[in-house]
Asker: 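A single structure is presented below for examination.
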Amino acid sequence: MKIAFYTLGCKTNQFETQALETMFSERGHEIVPFNQAADAYVINTCTVTAMGDRKSRNAAHRAKALNPDCILVVCGCYAQVKPEEVKEMCGADVVCGNGDKSRIIELTEQAVAERQYICTVRSGFDHGPFDFMPAGSLKGRTRALLKVQDGCQNFCSYCLIPYARGLSRSMPLEQVRSEAVRLGEAGYKEIVVTGIEISSYGFDLPGKLTPTEMIAVICEAAPEARIRLGSLEPRTVTEDFCKTLAPYKNLCPHFHLSLQSGCDKTLKDMNRKYDTARYFLSCQLLRRYFPGCAITTDLIVGFPGETEEDFDNTLAFVEKCAFAQVHIFPYSSRPGTRAASMPGHLTHAQKQVRAKRAADVCGLSRKAYLESLVGQTVEVLFEQSQKGLYSGHCPQYCLVKAEGSRLSGKLRQVRIDSTDGECLYGEIL
Ligand code: SF4
């Protein structure tokens with residue numbers, strides 16, 4: 001069969017799609033691009049925002065337009081949370097729950113053979129231990145995602161993910177080690193440690209392991225690969241975390257600490273478990289132990305009840321943290337969450353104004369961070385070329401462009417000469 005994939009949302013979804021592509025391919029099926037006619041299309045959906053739902057439906061309609069007789073398999077968090085809507089509005093033949101992703105091949109083959117609707121969605125909390133899927137990619141050996149954890153039990157008031165993914169469960173540490181060894185030996189240049197909430201890693205395992213131990217194991221198991229961490233809850237960063245991990249030179253000095261708001265009242269309303277003082281302590285620790293590191297974050301603007309003063313506090317705090325990059329999300333109401341029924345929802349226009357103001361502040365700190373790298377030599381993992389320039393990322397996860405040829409998948413030392421505030425430009429040494 002010809003199978004095409006479309007992935008929305010987070011790195012965990014990207015990991016799972018990579019794993020599914022590998023599994024389908026090993027079974028003898030052919031993976032084709034999503035814009036080509038295929039026998040089956042697998043859409044790995046996201047429901048973090050209303051936009052995620054809409055994009056998932058659009059992808060489904062595109063697949064049916066390419067081949068009206070195809071088997072349409074919809075999986076991921078939108079499928080898990082709204083299986084009926086996915087069946088009706090996407091025209092799905094298979095709606096696969098998050099607990100059954102590793103069974104998608106079997107379900108797809110069954111749907112092709114029987115032409116019967118299949119839905120495997122159970123409660124998001126009804127799951128077994130960590131559902132293992134192999135890490136790696138069919139698309140070269142540049143960067144591999146390694147999913148070490150699934151689920152979340154933080155129950156932030158705006159988020160549906162705990163209902164879609166269930167409670168946190170972790171890959172056993174020995175399996176983490178062997179997967180990292182395998183990826184390192186396979187020649188991957190970078191391993192991205194991913195999960196829904198990797199800061200919860202290990203709490204469910206015997207002996208209550210910590211994320212710090214897991215990260216150290218990966219750094220040791222794949223010493224030739226750069227190790228990049230996915231998003232961390234700010235309280236994961238402690239003196240012990242920094243002291244343990246700073247000696248690993250293959251750990252990228254890039255830390256994504258979810259902030260969401262720089263106002264303590266709003267953080268409380270969001271049911272986040274830290275305040276701005278604790279967050280700032282994490283930034284200080286990281287900068288002390290990893291000098292020059294990039295700290296990046298996510299920010300939700302226009303949360304219900306966020307006043308002008310609250311938002312001003314957020315902007316002042318964001319400025320103080322001097323982030324290398326901020327992903328800004330206007331608040332998106334998700335029915336079924338506590339925040340959806342809170343008073344004080346802002347209009348679309350008000351949220352857009354706040355997003356623009358935040359982007360202006362964050363743009364300045366990004367520019368300042370990029371300027372701090374001018375004159376330095378960084379190691380760049382090149383990925384693609386466009387208009388005569390190759391581009392790739394440095395350990396700090398800034399985009400670097402340089403002249404060169406046949407650089408895809410190669411690591412090169414680059415002297416940074418300039419920045420335009422968006423990316424860095426340099427010369428390969
Ligand atoms: S930490 Fe909060 S925002 Fe992140 S997945 Fe868990 S509940 Fe959602």
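All ligand and atom numbering here is 1-based and tracks the order in the structure.
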Asker: Give a yes or no on whether Gln352 atom CD has more than 12 heavy-atom contacts from other residues, nucleotides or ligands under 6.0 Å away.
Answerer: yes

Asker: Any idea which protein heavy atom is nearest atom 8 (Fe) of ligand 1, and the distance to it?
Answerer: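 Checked against all protein heavy atoms, atom 8 (Fe) of ligand 1 sits closest to Cys159 SG, 2.3 Å.
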
Asker: With heavy atoms of Phe155 as the reference, note each atom of ligand 1 found under 4.0 Å away.
Answerer: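 Atoms satisfying the 4.0 Å criterion: 7 (S).
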
Asker: Take atom CD of Glu309 as the centre, draw a 6.0 Å sphere, and report whether it contains more than 12 heavy atoms from other residues, nucleotides or ligands.
Answerer: no

Asker: For atom CZ of Arg27, decide whether the heavy atoms of other residues, nucleotides or ligands shown that lie under 6.0 angstrom number more than 12.
Answerer: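 Counting neighbours around CZ of Arg27, 12 or fewer heavy atoms of other residues, nucleotides or ligands fall under 6.0 Å, so no.
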
Asker: Give the residue, atom name and distance (to 0.1 Å) of the protein heavy atom nearest atom 7 (S) of ligand 1.
Answerer: Cys156 N, 3.3 Å

Asker: For atom 3 (S) of ligand 1, which protein heavy atom lies nearest, and how many Å away is it?
Answerer: Tyr158 OH, 3.5 Å

Asker: Please check if the number of heavy atoms outside Gln384 that lie under 6.0 Å from its CD is greater than 12.
Answerer: no

Asker: Against heavy atoms of Glu197, which atoms of ligand 1 measure under 4.0 Å?
Answerer: 1 (S)

Asker: Parallel, tilted or perpendicular: which describes the rings of Tyr279 and Tyr274, with under 30° parallel and over 60° perpendicular?
Answerer: tilted

Asker: With a 4.0 Å cut-off on heavy atoms, is Glu233 touching ligand 1?
Answerer: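 Under 4.0 Å: no for Glu233.
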
Asker: Answer yes or no: does atom NZ of Lys64 have more than 12 heavy-atom neighbours from other residues, nucleotides or ligands under 6.0 Å?
Answerer: yes

Asker: Which ligand 1 atoms, with their elements, are less than 4.0 angstrom from a heavy-atom of Asn154?
Answerer: 1 (S)

Asker: Pro162 heavy atoms, cut-off 4.0 Å: which ligand 1 atoms fall inside?
Answerer: 7 (S)

Asker: So, Arg278 and Glu233, do they make that salt bridge, N to O below 4.0 Å?
Answerer: no

Asker: What protein heavy atom sits nearest atom 6 (Fe) of ligand 1, and how far off is it?
Answerer: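 Minimum-distance protein heavy atom for atom 6 (Fe) of ligand 1 reads Cys152 SG, 2.2 Å.
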
Asker: Considering only heavy atoms, which of Arg272, Lys273, Gln260 lies nearest to atom 4 (Fe) of ligand 1?
Answerer: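 Answer by nearest heavy atom: Arg272.
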
